[in-house]
Amino acid sequence: HCSFGRIFVLIAIGRIEEAFIALEQLPVKDERACEVYFKLGRRLFDNHRLEESLEAFQQALRIAPGLAGTHYNIGMIYETWAMHQQAATAYEQALALNADMIDAHVRLSKMYIKLYRTQDALAQIDEAIRHEGEKSDTCNIGAQAHMQQLDHKRAAELFQRAVHLEPDNR
């Protein structure tokens, strides 16, 4: 029988398989287990072990389905796999739980562009700007959406604004 502390140590030192086995053997699946699954999912994601990372995040959701960060991380996995609709759904779920997740708004806007949902993409960029102010990245994404709408004038304005905000990011 293994404690949560030992499982955290196993994750921290990269002994992922042992951590997974120990976690599965725990008799109670509570908030601590959810936190462990989340940390395990992040570690696996960082090590490009996406299938296992998705499994860990899904286990975390089974315990605590209302955690926006878990949905967000699942979206990042789907985005990495170019599964744009699934990524968009995960980001939407994250935002339904926490509308202040700026990164989720930005990533969701990128997915919407890939799905040709241009108006939805622009709405998400507007939300990100409302929360965080205008940034180079949000201007670039907005410009891409306007290009998709064939509004080249507005796209050019936003690309210029992005360069003005961050001259080294061309």
Side-chain angles (χ1 to χ4, degrees), residues 11 16 20 34-170:
I11 293 169
I16 304 301
F20 239 132
C34 181
E35 182 182 354
V36 173
Y37 276 118
F38 184 86
K39 287 184 184 290
L40 188 56
R42 284 298 316 154
R43 178 69 148 195
L44 289 162
F45 183 86
D46 292 343
N47 289 319
H48 309 288
R49 294 170 62 179
L50 300 180
E51 293 86 4
E52 295 163 294
S53 177
L54 180 61
E55 181 182 332
F57 286 128
Q58 288 172 334
Q59 287 285 10
L61 282 182
R62 284 184 194 96
I63 298 166
L67 297 177
T70 307
H71 290 282
Y72 174 82
N73 280 281
I74 288 172
M76 288 180 28
I77 293 169
Y78 286 133
E79 185 177 343
T80 302
W81 287 336
M83 297 173 74
H84 307 305
Q85 183 56 59
Q86 292 88 336
T89 299
Y91 294 139
E92 289 166 349
Q93 290 169 331
L95 289 167
L97 295 165
N98 180 357
D100 295 333
M101 290 184 77
I102 296 159
D103 289 342
H105 286 291
V106 172
R107 288 185 174 278
L108 181 55
S109 68
K110 291 178 183 179
M111 293 304 96
Y112 283 159
I113 289 171
K114 292 182 183 299
L115 295 167
Y116 298 95
R117 294 175 56 184
T118 309
Q119 286 305 114
D120 292 329
L122 290 170
Q124 290 304 312
I125 286 300
D126 288 345
E127 274 300 301
I129 290 170
R130 188 175 71 76
H131 285 284
E132 187 179 51
E134 198 172 58
K135 302 275 185 179
S136 176
D137 289 346
T138 54
C139 288
N140 276 323
I141 296 165
Q144 291 170 25
H146 283 287
M147 288 290 290
Q148 200 171 65
Q149 287 184 318
L150 302 178
D151 183 353
H152 300 288
K153 182 179 181 210
R154 180 66 179 139
E157 290 169 359
L158 286 170
F159 280 132
Q160 288 174 348
R161 181 77 182 133
V163 170
H164 174 75
L165 290 168
E166 196 174 338
D168 295 333
N169 187 12
R170 293 176 185 233

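The distance from the CE atom of M83 to the CD atom of Q85 is 10.5 Å, given to the nearest 0.5 Å. Remark: R130 CZ to D100 CG distance equals 7.5 Å, nearest 0.5 Å. Separation of atoms CD (Q86) and CE (M111) is listed at 11.0 Å; rounding is to 0.5 Å. Rounding to the nearest 0.5 Å places CG of N47 at 9.5 Å from CD of E52. Between the CG atom of L50 and the CD atom of E55 there is a distance of 13.0 Å, given to the nearest 0.5 Å. With values rounded to the nearest 0.5 angstrom, Q58 atom CD is found 11.0 Å from T70 atom OG1.
What you find for P65 and L97 is that their closest heavy atoms are O-CD1, 4.0 Å. In terms of heavy-atom proximity, I125 sits nearest to G142 at CG1-N, 4.3 Å. Across all their heavy atoms, L115 and A88 have their closest contact at CD1-CB, 4.0 Å. Of all heavy-atom pairs spanning N98 and A68, the tightest one is CB-CB, 3.8 Å. In terms of heavy atoms, L44 sits closest to A56 at CD1-CB, 4.4 Å. When all heavy atoms are compared, the tightest approach of A162 to S136 is O-OG, 3.3 Å.
The environment of NE2 in H164 is sparse: at most 12 heavy-atom neighbours from other residues, nucleotides or ligands sit within 6.0 Å.
Between H131 and H105, the angle of the ring planes stays under 30°, which puts this pair in the parallel group of the 30/60° scheme.
No donor-acceptor pair under 3.5 Å is formed between the side chain of S109 and the backbone N or O of A121.
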inquiry  = Walk me through whether I74 and L61 qualify under side chain to side chain contact (heavy atoms under 4.5 Å, CB included).
reply    = CA-CA 10 Å; I74 288 172; L61 282 182; 3.4 Å; yes

From CA spacing to verdict: side chain to side chain contact (heavy atoms under 4.5 Å, CB included), T138, V106 = CA-CA 7 Å; T138 54; V106 172; 4.1 Å; yes

task = Let me see the working for L95 and Q124 under side chain to side chain contact (heavy atoms under 4.5 Å, CB included), right down to the final yes or no.
result = CA-CA 10 Å; L95 289 167; Q124 290 304 312; 3.6 Å; yes

key: side chain to side chain contact (heavy atoms under 4.5 Å, CB included) evaluation trace for Q149 with L122   = CA-CA 11 Å; Q149 287 184 318; L122 290 170; 3.7 Å; yes

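Partner Y72 forms a ring-ring contact (aromatic ring centres under 6.0 Å, His included) with one of Y91, Y78, F45 and no other, that one being Y91. Applying the side-chain contact (heavy atoms from CB on, under 4.5 Å) test between H146 and each of I141, L158, T118 identifies L158 as the sole match. Screening Q148, R107, H84, E92 against Y112 for a side chain to side chain donor-acceptor pair (under 3.5 Å) leaves a single residue, E92. Residue F38 is tested with N73, I63, L67 for a side-chain contact (heavy atoms from CB on, under 4.5 Å); the sole match is N73. In summary, of the residues considered (R49, R43, R42), a salt bridge (charged side-chain N to carboxylate O under 4.0 Å, His left out) with D46 occurs for R42 alone.
In summary, the aromatic rings of Y37 and F57 are positioned with their centroids too far apart to meet the 6.0 Å limit.
Within the 4.5 Å cutoff, no side-chain heavy atoms of K110 are placed close to those of L108.
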